[in-house]
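Note sheet for the following structure.
Chain identifiers are assigned alphabetically (A, B, ...) following the order of the sequence lines, protein sequences preceding nucleic acid strands; residue numbering begins at 1 within each chain.
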Amino acid sequence: MKPDCKFCKMKSPAAELLKPDEIDTLEQNCAQVKFSKGETIFREGTFATNIVYLRAGLVKIHMKGPIGEKILRLNKAPAYLGLPTTFGDRVNHYSATAITESEVCFISLDAFKNFIYSNGNFAYEIIMDLCRSELADFQRFTNLSQKQLPGRIAELLLCFSNHLFKSNAFELPLSITELANFVSASRESVSRQFSELSRLGIIELTHDKKLTILRKDMLDKISTNG
DNA sequence: GCATTAACCACAG
DNA sequence: CTGTGGTTAATGC
């Protein structure tokens, strides 16, 4: 699909700083693709030949661990999906899979590099973006490794509610098994934890994975004391 | 010891 | 893929 970068409403903060001639270059070096739920956008172990930008949708970033699959984070549009995997090495160190229908722009690596060399403001935005996600990751991984399971689950639900969906009611974007891979726990333990939270009246979870947070105050407490 | 936490196994829906 | 029950190893009081 032919992109229309000039008038794109989903430009990244960095791309907003590109000059008109650079936008033209971007347009000529960018391909827009739709992915449906469950489709792989790029796969661990394959060559990373493009910059991948998520302009719509929700994506999970995941990699194979010694035991099994590990979900590293969820990315909501707008976001670059593969900067570390593209600049850090020639092969992808992780995979990206669409969780909802998604729209992705593949940008030629050379064009993107040239923007970084020639446009300092652009480069600065990219660095900020990378730093913010590194800080968020540091926070998440220390919390993950030091909180007990109830705290990890509570934190995850609060994150969904506060940042991802900005609502107290939402549909769980991942299966229980995936949630377990996300918080580094067994699927059985996660399942039990949800039962427990329901039993205590803190959440309500229907069979079609619609979740409502009834007692956010309790979740906050569990997340903190985790 | 005794209690708690969470993984592993098995089996049913 | 989920949910539950039984069992078990590790850890803390």
* To do: Round to the nearest Å and state the distance from A:Lys209 atom NZ to C:dG3 atom C1'.
  => 14 Å
* Would you check if A:Lys64 and A:Ser95 make a side-chain contact, meaning some heavy-atom pair closer than 4.5 Å? => no
* Asked: Whole-Å distance between C:dA10 P and A:Leu149 CG?
  -> 19 Å
* Asked: Roughly how many Å is it from CG in A:Asp208 to P in C:dG3, rounded to a whole number?
  -> 12 Å
* Non-hydrogen side-chain atoms of A:Phe160 and A:Leu172 separated by less than 4.5 Å -> yes
* Between A:Tyr53 and A:Ser12, does any side-chain donor sit less than 3.5 Å from a side-chain acceptor? -> no
* Would you kindly give the NE2-to-P distance between A:His207 and B:dG13, to the nearest whole Å? => 15 Å
* Asked: Separation of A:Leu172 atom CG from C:dC1 atom C1', in whole Å?
  -> 14 Å
* Asked: Can you check the A:Arg152 CZ to B:dT5 C1' distance for me, whole Å?
  -> 11 Å
* Rounded to whole angstrom units, what separation is found between the CD1 atom of A:Ile67 and the P atom of B:dA7? -> 11 Å
* **Residues in contact with DNA chain C, drawn from residues 186-200 of chain A - heavy-atom cutoff 4.0 Å** => A:Arg187, A:Glu188, A:Ser191, A:Arg192, A:Ser195
* To do: Could you tell me whether the side chains of A:Ser175 and A:Lys209 share a donor-acceptor contact shorter than 3.5 Å?
  => no
* Side-chain contact, heavy-atom cut-off 4.5 Å: A:Thr85 with A:Val52? -> no
* Report yes if some heavy atom in the side chain of A:Glu125 is under 4.5 Å from a heavy atom in the side chain of A:Asn121; otherwise report no. => no
